[in-house]
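Since we're looking at a predicted model, the values are computed, not measured. Reckoned from all heavy atoms, side chains included, excluding hydrogens, waters and symmetry mates.
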Amino acid sequence: MNIKTELLKPHPINKELFGKSFNKETYEGLKNDIKEHGIKVDLHIDKNNTILCGHQRWTIANELNLKTVPVKVVNIPESDLKEYIIKDNLLRRQLDVQQRRELHFAISQLPKYQNRQGERSDLEPMNTMSIGSGLKEELIAEELYGDRKKWKTIQRDIKAQKVVIEKPELASKSSNQILIEQVKEYREEIDLERINPYDSN
């Protein structure tokens with residue numbers, strides 16, 4: 001079904017999650033594709049014409065003066081909207097490492113995952129490589145990618161994003177780089193504590 005482009009409005013959750021500009025090259029690639037072939041994937045909207053998924057396509061439609069866009073009306077409970085929007089963007093968008101990390105962190109903060117750390121009764125026994133993994137990360141990996149083994153990436157991104165919240169200047173670095181820097185800082189602090197306090201040199 002098609003609807004007039006002007007009747008649609010963005011969802012506030014999208015601005016909360018994607019307030020920053022996206023990769024210009026990816027955006028221009030999508031824009032050129034839409035200019036040549038039109039919008040091939042329906043935007044998902046609610047009954048009030050609020051966009052749940054497809055904000056970039058809608059923005060491009062406005063830039064290209066497309067009068068109508070294809071839509072699908074979906075009925076999602078309000079409590080599940082944030083999860084729906086995060087998952088759709090993780091699976092559809094071309095995200096850079098920072099954007100993916102932010103989404104992994106955002107989904108880990110949803111209420112359904114808050115009390116799931118450390119529970120492993122329904123999983124195989126932990127081996128030495130699994131120490132530190134929690135069910136939360138494994139459930140997220142299963143739901144997003146269909147593979148619980150990707151929990152390490154999820155966990156690394158969550159830990160790194162917590163650091164970025166405290167130190168925004170690290171945002172452009174990869175999760176690995178951020179965590180390595182944290183370890184170095186921690187070791188330096190430990191070394192300083194070991195210095196003899198009576199040594200005046």
Could you give me the CA-CA distance, side-chain angles and deciding distance for D42 and V71, then say whether side-chain contact (heavy atoms from CB on, under 4.5 Å) is met? CA-CA 5 Å; D42 292 349; V71 297; 5.6 Å; no
With a 4.5 Å cut-off on side-chain heavy-atom distances among I, L, V, M, F, W and Y, is there a chain of contacts connecting V97 to Y27? no
Nearest heavy-atom pair of S108 and I140: which atoms, and what distance? CA-CD1, 3.8 Å
Looking only at heavy atoms, what is the nearest atom pair of R148 and E138, with distance? CG-O, 3.5 Å
Would you please say whether a donor-acceptor pair under 3.5 Å links the side chains of E102 and Q98? yes
Between E166 and K162, does the side-chain contact (heavy atoms from CB on, under 4.5 Å) criterion hold? Intermediate values first, please. CA-CA 7 Å; E166 304 263 327; K162 286 179 182 176; over 6 Å; no
Partners passing side-chain contact (heavy atoms from CB on, under 4.5 Å) against I76 (at least two apart in sequence or in another chain): L52, V74, D80, L81, Y84
Just verifying a value: how many Å separate L144 CG and K150 NZ, rounded to the nearest 0.5 Å? 10.0 Å
If the condition is side-chain hydrogen bond (donor to acceptor under 3.5 Å, both in side chains), which residues does K149 pass it with, not counting sequence neighbours? none
For the atom pair NE2 (H37) and CD1 (I34), what is the distance rounded to the nearest 0.5 Å? 11.5 Å
Rounded at 0.5 Å granularity, tell me how far OG in S172 sits from CD in Q177. 8.0 Å
Excluding sequence neighbours, so at least two apart, what forms side-chain hydrogen bond (donor to acceptor under 3.5 Å, both in side chains) with E142? none
Output side-chain donor-acceptor pairs under 3.5 Å for residues 1-8, partner residues at least two apart or in another chain, one line each.
| residue | atom | partner | partner atom | Å |
| --- | --- | --- | --- | --- |
| T5 | OG1 | L66 | O | 2.7 |
| T5 | OG1 | K67 | O | 3.2 |
| T5 | OG1 | T68 | N | 3.4 |

State, with a plain yes or no, whether a side-chain heavy atom of R101 is found less than 4.5 Å away from one of R156. no
For K9, side-chain contact (heavy atoms from CB on, under 4.5 Å) partners two or more places apart: N48, T50
In Å, rounded to the nearest 0.5 Å, how long is the span from CD1 of I13 to CD1 of I85? 4.5 Å
Looking at side-chain heavy atoms only, is the closest gap between H104 and Q161 below 4.5 Å? no
Is there a side-chain contact between K31 and L64 (heavy atoms, below 4.5 Å)? yes
Evaluate the side-chain proximity of K167 to Q182: yes if any heavy-atom separation is below 4.5 Å, no if none is. yes
Closest non-hydrogen atom pair between F105 and I158, with its separation: CD1-O, 3.8 Å
Interatomic distance, OG1@T59 vs CG@N62, rounded to 0.5 Å, equals 6.5 Å
Can you check whether R57 reaches V69 side chain to side chain, under 4.5 Å on heavy atoms? no
Is there side-chain contact between W58 and I39, with heavy atoms separated by less than 4.5 Å? no
Assess the residue pair H55 and H11 against the criterion (side-chain contact (heavy atoms from CB on, under 4.5 Å)); give the C-alpha distance rounded to whole Å, side-chain angles, the decisive distance to 0.1 Å, and a yes or no. CA-CA 9 Å; H55 290 82; H11 198 286; 4.1 Å; yes
Atom CD in Q109, atom NZ in K136: separation rounded to 0.5 Å? 6.0 Å
ILVMFWY clustering at 4.5 Å (side-chain atoms), partners of V163: V164, L170, I178
Any side-chain heavy atom of Y145 within less than 4.5 Å of one from I154? yes
